[in-house]
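Throughout, protein chains are lettered first and strands after them, A, B, ... in sequence-line order, and every chain is numbered starting at 1. Only a predicted model underlies this, so the values are computations on that prediction, with no experimental measurement involved.
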Amino acid sequence: SQQGEEDPQALSIQEGENATMNCSYKTSINNLQWYRQNSGRGLVHLILIRSNEREKHSGRLRVTLDTSKKSSSLLITASRAADTASYFCATDADSEGTYKYIFGTGTRLKVLA
Amino acid sequence: DAGITQSPRHKVTETGTPVTLRCHQTENHRYMYWYRQDPGHGLRLIHYSYGVKDTDKGEVSDGYSVSRSKTEDFLLTLESATSSQTSVYFCAISGSSGALRETQYFGPGTRLLVL
């Protein structure tokens, strides 16, 4: 089973609206990351949040982390058509420092112009 | 995709044929990874390398082998390709310390079809 599970699997919104996607994981982590993947391309790193952080911002992105619930959310504010992509969370499930990350199955976001 | 190339980008092969995919980086990063991406499974780690000639297995390593003889190259070999290995394969790299260590940078991917 996946360490990270994103929810919802797919999301369709109008341009200008906010998009929220969630990630749940099973084991303790040092950090959690979010990546974006445009169709047919590789993943691009968006933001990293450490286990001792609760919220982090980067431009129109806001990430929260609740380690008690083993969950994270990614909020994209004022969405644009260019935000259409799949979004993945990744957790460092290995505490031995080998930095093996486990990726979730992703949320497909479609922003309608 | 800066600094990471994968070759070939597309390949069609037959069951039972050996296949080698190449990942080449110009960033001099220590860590390199091979993932496969399939619908409903997200990205799954096949093998990774933490230095020249130092490799370890990931989540789905059966049927795959890797080699890293130089810092810049990480090869993934399907010893005898099967239809279940039809997938998109991504290479990723990360640096040695700090933020570079924690962040993975991905290549453009290789689409492999095994008939």
Side-chain angles (χ1 to χ4, degrees), chain A residues 1-10 21-27 29-53 56 58 63 65 85-108, chain B residues 1-7 9-10 21 23-25 27 29-51 54-61 87-111:
Chain A
S1 62
Q2 293 289 326
Q3 162 78 333
E5 296 285 350
E6 286 91 344
D7 167 54
Q9 290 186 340
M21 51 205 86
N22 305 294
C23 169
S24 60
Y25 57 92
K26 295 183 173 65
T27 64
I29 61 173
N30 295 309
N31 66 69
L32 182 147
Q33 302 183 45
W34 285 91
Y35 287 78
R36 183 188 74 231
Q37 183 182 33
N38 291 93
S39 181
R41 306 290 296 273
L43 279 70
V44 174
H45 180 259
L46 293 176
I47 194 166
L48 178 152
I49 187 166
R50 302 189 185 283
S51 60
N52 62 354
E53 297 175 311
K56 201 162 184 180
S58 176
V63 170
L65 179 64
S86 291
Y87 293 82
F88 296 85
C89 67
T91 53
D92 63 334
D94 193 322
S95 61
E96 296 175 359
T98 59
Y99 287 91
K100 289 191 292 185
Y101 283 88
I102 296 180
F103 287 79
T105 52
T107 292
R108 296 187 309 278
Chain B
D1 299 357
I4 311 169
T5 57
Q6 293 184 229
S7 59
R9 294 292 313 280
H10 303 269
L21 309 182
C23 177
H24 178 78
Q25 59 141 332
E27 306 297 322
H29 280 357
R30 177 181 176 186
Y31 297 89
M32 299 185 76
Y33 307 81
W34 276 109
Y35 293 91
R36 60 178 289 173
Q37 185 176 32
D38 305 286
H41 290 278
L43 272 78
R44 291 180 291 175
L45 181 65
I46 305 171
H47 282 279
Y48 69 103
S49 170
Y50 46 96
D54 291 323
T55 65
D56 202 355
K57 296 179 179 179
E59 181 186 1
V60 289
S61 60
S87 186
V88 182
Y89 291 86
F90 287 98
C91 174
I93 64 174
S94 64
S96 299
S97 61
L100 283 178
R101 181 66 190 92
E102 294 168 322
T103 301
Q104 297 198 358
Y105 302 90
F106 284 79
T110 294
R111 291 186 175 274

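In terms of heavy atoms, Glu102(B) sits closest to Gln33(A) at O-NE2, 2.5 Å.
Residues that satisfy the side-chain hydrogen bond (donor to acceptor under 3.5 Å, both in side chains) test with His24(B), not counting sequence neighbours, are Arg22(B), Asp73(B). Here Ser49(B) pairs with Arg68(B) under the side-chain hydrogen bond (donor to acceptor under 3.5 Å, both in side chains) rule; sequence neighbours left out.
Here CG of Leu43(B) is found 10.5 Å from OG1 of Thr105(A). Values are rounded to the nearest 0.5 Å. Taken to the nearest 0.5 Å, the OH atom of Tyr33(B) stands 7.5 Å off from the OH atom of Tyr101(A). The CG atom of Leu46(A) sits 10.5 Å away from the OG1 atom of Thr103(B) when rounded to the nearest 0.5 Å.
Residue contact with chain B, scored on non-hydrogen atoms closer than 4.5 Å, is absent for Arg108(A). Interface remark: Tyr50(B) contributes no atoms to any contact with chain A (heavy atom separation under 4.5 Å). Using a 4.5 Å cut-off between heavy atoms, Gln37(A) contacts chain B through its side chain alone, with no backbone atom that close. Residue Gln37(B) touches chain A through its side chain alone, counting heavy-atom pairs closer than 4.5 Å.
Few gaps surround CD on Glu53(A); more than 12 heavy atoms of other groups in view lie less than 6.0 Å from it.
At least one side-chain heavy atom of Tyr35(A) sits less than 4.5 Å from a side-chain heavy atom of Gln104(B).
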